[in-house]
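Please read the structure below before turning to the comments.
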Amino acid sequence: MNPPPNGAPDRRPGGRTARIRTQVLDAVRAELGEHGYEGLTMEGVAARAGVHRTTVYRRWQDVGGLLADVLDAAGEDDWAPPDTGSLRGDLTALNGEIHDSLVVRPSIPQALVAASFRSARAADAQQRLWEDRYQRCEAIVERAVERGELPPDTAARPLLIAATAPLYHQLVLLRTAPDPHLAAQAATTAALAATAGAFARPAPDVEP
């Protein structure tokens, strides 16, 4: 993980500190899901968490600090990308997870994405989380190369973006109705393009 932004709470594991952090971050997710960024307040979080508001202010300073810690906490988990035995299967399963997280109500990922446009600290933490998730998902491409499904020069990041971007475009930007076929369609399109070499890394420049 990258270092936390200035002012982020100290993360000493165990004991009362860990319990308070868990209570507060759970409260942030609940408040964000119910009320959105505009309705998220330090007082509301403290009340829901059962923690004195001075504790929340002292450790997180403001709403931006709370959001940043929620996002950083997501990067501390042990999540790993699906391993189904095929590139198309892995991408479809990954997209299925993304689809479900975006269509459930309330959708915490959607609320956090929206909040990242309103808080600089949350935006920085969101960027760190994206980087973490993309790095973990590179295993999908590495396994496909090892199985001989993809050319060895396949660039993982562009392929992963191509596979997952349609879900965010449809469900977050356009706010279209959930489509049970979207995850598989986006995965199949990206996998076919990758097999054809569409995501090959550029050849290095050779000096004459």
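Hydrogens, waters and symmetry mates play no part in the numbers below; they use all other heavy atoms, side chains included.
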Within a strict 4.5 Å, meaning less than it, do heavy atoms of the Q170 and D179 side chains meet? no

Rounded to the nearest 0.5 angstrom, the OG-CD distance for S116 and Q127 is 9.5 Å

Nearest heavy-atom approach of A122 to A115 is CB-O, 4.3 Å

Treating T188 as the side-chain partner and Q185 as the backbone partner, does any N or O pair qualify as donor plus acceptor under 3.5 Å? no

Do L129 and D72 touch side chain to side chain, with heavy atoms closer than 4.5 Å?
no

Without swapping roles, check the side chain of R201 against the backbone of F199 for a donor-acceptor pair under 3.5 Å.
no

Practice task
Give a yes or no answer on whether the side chain of T92 reaches the backbone of R88 with a donor-acceptor pair at less than 3.5 Å.
Solution key: yes

query: Does any N or O in the side chain of T84 come within less than 3.5 Å of the main-chain N or O of D90, such that one atom is a donor and the other an acceptor?
result: yes

**Item:** Criterion side-chain contact (heavy atoms from CB on, under 4.5 Å) on H35 and L40, from CA distance to verdict
**Value:** CA-CA 7 Å; H35 308 297; L40 185 65; over 6 Å; no

Between T189 and A186 (side chain of the first, backbone of the second, donor and acceptor by atom type, cut-off under 3.5 Å), is there such a pair? no

Where the side chain of E149 meets the backbone of L87, is there a donor-acceptor pair that is under 3.5 Å apart?
yes

- request: Output, in order, the C-alpha distance, side-chain angles, deciding distance and verdict of salt bridge (charged side-chain N to carboxylate O under 4.0 Å, His left out) for E97 and R133.
  value: CA-CA 13 Å; E97 292 184 20; R133 287 299 189 253; over 6 Å; no

- Query: Is it true that atom OH of Y134 has more than 12 heavy atoms of other residues, nucleotides or ligands lying nearer than 6.0 Å?
  - Reply: yes

So CG of L71 and CG of L112: to nearest 0.5 Å the spacing works out to 5.0 Å

Ring pair (Phe, Tyr, Trp, His ring centres under 6.0 Å) filter on Y57, not counting sequence neighbours, yields none

Worksheet entry | Flag side-chain contact, heavy atom, 4.5 Å: I98 against L171 | no

Closest non-hydrogen atoms of R59 and T17, given as atom of the first, atom of the second and distance, are NH1-O, 3.6 Å

Item to check | R121 side chain near D62 side chain, heavy-atom distance below 4.5 Å | outcome: yes

Q) Is a side-chain N or O of N95 found less than 3.5 angstrom from the main chain of A163, in a donor-acceptor match? A) yes

Given W60 and R21, is the side-chain contact (heavy atoms from CB on, under 4.5 Å) satisfied, shown in steps? CA-CA 10 Å; W60 287 274; R21 185 187 183 216; 4.1 Å; yes

Does a side-chain heavy-atom distance below 4.5 Å link C137 with W79?
yes

Quick check on R53: does its CZ atom have over 12 non-hydrogen neighbours (other residues, nucleotides or ligands) under 6.0 Å away? no

Heavy-atom side-chain contact between L174 and H169 under 4.5 Å:
yes

Applying side-chain hydrogen bond (donor to acceptor under 3.5 Å, both in side chains) to E146 and not counting sequence neighbours gives none

Does atom CZ of R118 have more than 12 heavy-atom neighbours from other groups under 6.0 Å away? no

Practice problem: Check for a donor-acceptor pair, side chain of Q110 on one end and backbone N or O of L102 on the other, with a separation under 3.5 Å. | Solution: yes

Correct closest heavy-atom pair for R136 and D77 would be NH1-OD1, 3.0 Å

Does L67 share a hydrophobic cluster with I108, counting links as ILVMFWY side-chain heavy atoms below 4.5 Å and allowing steps through other members? yes

request  = For residues L160 and L91, determine if any side-chain heavy atom of one lies less than 4.5 Å from a side-chain heavy atom of the other.
outcome  = yes

